Participant: 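Sharing a structure, written as structure tokens. Questions coming.
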Amino acid sequence: MRPLRNVIYIQTQNAWVHKDNDNLVMKVDGELKARVPIHKLQGLVCFGQVSISPYLMAHCAENGVTITYLNQFGKFLARVEGPVSGNVLLRRTQHLTGADRGKSVVIARTLLCGKLYNQRAVLKRYLRDYGDKPDAEAMAAELGTAEKRVARCLHQLADCDTIDTLMGREGEAAQVYFGVFRHLIRKPGFSFDARRRRPPTDPVNALLSFCYTLLIHDCRSALETTGLDPASGFLHQLRSGRPSLALDLAEEFRPIVDRFVLSLINKRQLGVKDFETWPNGSVTLKEEPRRTLLAAWQERKQDNLRHPWFEESVPVGMLPWLQAQILARHLRGDCDSYVPFLWK
């Protein structure tokens, strides 16, 4: 198994990043701020006004280090990468499979099975940890009902034979899941009544949107490393400029991100004062608290979870790459079906 390489997040405005021998060096106003060996990096994510020297950019492209540009608030802008790696035959098989409606439905159904199973795991874990509190009887009943409804949607996926019906069942489960999400927030001051993305209008939605962006970045990198085309999906259909397969792969990991967001809130690593509201009503995380989040995200990626298919403990940050490997094996015909990651 390959080692887990790091992703560097640079959000210091007006930072200058360049190459010094085999190191990545960051300076601000001429002052050295960081020095990292480039061979330990998988990706470089830049927020806002960050400048990168052409020599570093070329070195990253030649050595498989992807550079991603986001605006100051985390919205994707551009991506720089080297020549497309991977097996052209694998990509051709992927494209042909994506064009086959029946085969696409089978893979999409399995991806959603992973997502709904892991959403149930989030609800069940909260019920296990807090459901027996004396003052939580009504909340536990509501969460228990939601868990059963998500389980029913999970079983009903087997009867869905089109992408539209799969998306409909996934949407129903998401409505139930986020309908009780407020009960999982135990820190006063934070509230949540519905999932809102464009734009997020409260701190919880802002955190979910930002962390999903980080997740999709990791999924896209994993697919490209494996040799798959991140733009050609099965659940998310083709759309110009959209990383459809990265969105597909991210589905089963979104509940893990949800738990990460809840942990940031409930462990008081972030507070309501760490967010700012803009004139259009959107809510974003301030710059300094974003450093706290990114550091916690990197730590979370080092935590180990047991992978039931590989039957061993692996870092969370490796999960997208491992799932991309399973998908590639399935497309090559080395295994009968794609096996989603099921969070125990």
Side-chain angles (χ1 to χ4, degrees), residues 94-95 97-124 126 142-184 192-201 204-205 208-209 211-213 215-216 219-220 223 230-259 261 320 323 326-327 330-331 337-343:
Q94 175 191 348
H95 296 156
T97 304
D100 186 312
R101 183 177 299 180
K103 291 180 179 177
S104 288
V105 166
V106 172
I107 296 175
R109 181 190 296 129
T110 311
L111 288 162
L112 288 183
C113 281
K115 179 179 184 179
L116 271 58
Y117 183 95
N118 294 337
Q119 284 180 333
R120 282 187 68 200
V122 172
L123 300 179
K124 290 167 71 175
Y126 196 90
E142 196 171 343
L143 283 178
T145 301
E147 188 269 326
K148 291 176 182 174
R149 290 181 64 189
V150 173
R152 189 173 63 211
C153 291
L154 173 61
H155 292 302
Q156 289 173 339
L157 288 176
D159 299 326
C160 299
D161 55 6
T162 67
I163 295 297
D164 286 343
T165 54
L166 283 171
M167 293 293 274
R169 200 61 66 200
E170 185 271 340
E172 181 184 345
Q175 190 174 24
V176 172
Y177 175 76
F178 284 115
V180 296
F181 201 74
R182 66 186 185 283
H183 291 314
L184 312 185
F192 182 90
D193 59 358
R195 178 78 181 106
R196 294 189 175 88
R197 298 176 296 169
R198 301 188 181 95
T201 53
V204 178
N205 272 299
L208 289 172
S209 293
C211 292
Y212 289 158
T213 299
L215 169 66
I216 292 166
C219 288
R220 181 169 183 162
L223 292 167
S232 180
F234 304 104
L235 176 64
H236 294 85
Q237 298 297 292
L238 299 180
R239 182 184 297 174
S240 179
R242 183 169 76 173
S244 296
L245 188 59
L247 293 172
D248 286 359
L249 189 63
E251 292 292 350
E252 58 197 282
F253 302 121
R254 288 180 187 267
I256 295 177
V257 170
D258 299 339
R259 280 286 303 178
V261 167
Q323 292 307 118
I326 296 174
L327 180 58
H330 169 55
L331 292 174
S337 62
Y338 173 71
V339 182
F341 172 73
L342 302 180
W343 196 10

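Since the structure is predicted, the reported quantities are computational estimates derived from the model, not experimental observations.
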Participant: Rounded to the nearest 0.5 Å, how far does SG of C153 lie from NZ of K148?
Facilitator: 14.5 Å

Participant: Restricting to salt bridge (Lys or Arg N to Asp or Glu O under 4.0 Å), what partner residues turn up for R195, sequence neighbours left out?
Facilitator: none

Participant: For side chain to side chain contact (heavy atoms under 4.5 Å, CB included), just list the numbers for V180 and F192, CA-CA rounded to whole Å, side-chain angles, deciding distance to a tenth of an Å, and then say yes or no.
Facilitator: CA-CA 9 Å; V180 296; F192 182 90; over 6 Å; no

Participant: Tell me which donor-acceptor pairs under 3.5 Å the side chains of residues 245-257 have, and how far apart each pair is, sequence neighbours excluded?
Facilitator:
| from | atom 1 | to | atom 2 | distance (Å) |
| --- | --- | --- | --- | --- |
| D248 | OD1 | H236 | N | 2.9 |
| D248 | OD1 | H236 | ND1 | 2.6 |
| D248 | OD2 | F234 | N | 2.6 |
| D248 | OD2 | L235 | N | 3.0 |
| E251 | OE1 | K115 | NZ | 2.8 |
| E252 | OE1 | Q323 | NE2 | 3.3 |
| E252 | OE1 | F341 | N | 2.6 |
| E252 | OE2 | Y338 | OH | 2.6 |

Participant: Take L154 and V150, measure what side chain to side chain contact (heavy atoms under 4.5 Å, CB included) needs, and give me the verdict at the end.
Facilitator: CA-CA 6 Å; L154 173 61; V150 173; 5.6 Å; no

Participant: Would you say that more than 12 heavy atoms from the other residues, nucleotides or ligands in this model lie under 6.0 Å from the CZ of R239, or not?
Facilitator: no

Participant: From F181 CZ over to D193 CG, what is the distance, rounded to the nearest 0.5 angstrom?
Facilitator: 12.5 Å

Participant: First locate atom OH of Y117, then atom NZ of K124, and finally report the distance between them rounded to the nearest 0.5 Å.
Facilitator: 6.0 Å

Participant: Give the table of side-chain donor-acceptor pairs shorter than 3.5 Å for residues 157-166, with sequence neighbours excluded, one pair per line with atom names and distance.
Facilitator:
| from | atom 1 | to | atom 2 | distance (Å) |
| --- | --- | --- | --- | --- |
| T162 | OG1 | T165 | N | 3.1 |
| T162 | OG1 | T165 | OG1 | 2.9 |
| T165 | OG1 | T162 | N | 3.2 |
| T165 | OG1 | T162 | O | 2.8 |

Participant: Count the heavy atoms of every other residue, nucleotide or ligand shown that sit under 6.0 Å from CD of Q237, and state whether that count exceeds 12.
Facilitator: yes

Participant: Output all residues satisfying side chain to side chain contact (heavy atoms under 4.5 Å, CB included) with R149, sequence neighbours left out; order by chain, then residue number.
Facilitator: T145, R152, V176

Participant: Atom SG of C113 and atom NE2 of H155: how far apart are they, to the nearest 0.5 Å?
Facilitator: 9.5 Å

Participant: Hey, does the side chain of S104 reach the backbone of T97 with a donor-acceptor pair shorter than 3.5 angstrom?
Facilitator: yes

Participant: Identify, with sequence neighbours excluded, every residue that meets side chain to side chain contact (heavy atoms under 4.5 Å, CB included) alongside P200.
Facilitator: N205, A206, S209

Participant: Where do V106 and T110 come nearest, in terms of heavy atoms and distance?
Facilitator: O-OG1, 2.8 Å

Participant: If I compare all heavy atoms of Y177 with all of D258, which pair ends up nearest, and what's the gap?
Facilitator: OH-OD2, 2.7 Å

Participant: How long is the gap from CD1 on I107 to CZ on R109, to the nearest 0.5 Å?
Facilitator: 11.0 Å

Participant: Give, for atom CG of L184 and atom CG of L123, the distance between the pair rounded to the nearest 0.5 Å.
Facilitator: 6.5 Å

Participant: Going by side chain to side chain donor-acceptor pair (under 3.5 Å), name the residues that satisfy it together with H95, two or more places apart in sequence or in a different chain.
Facilitator: D229

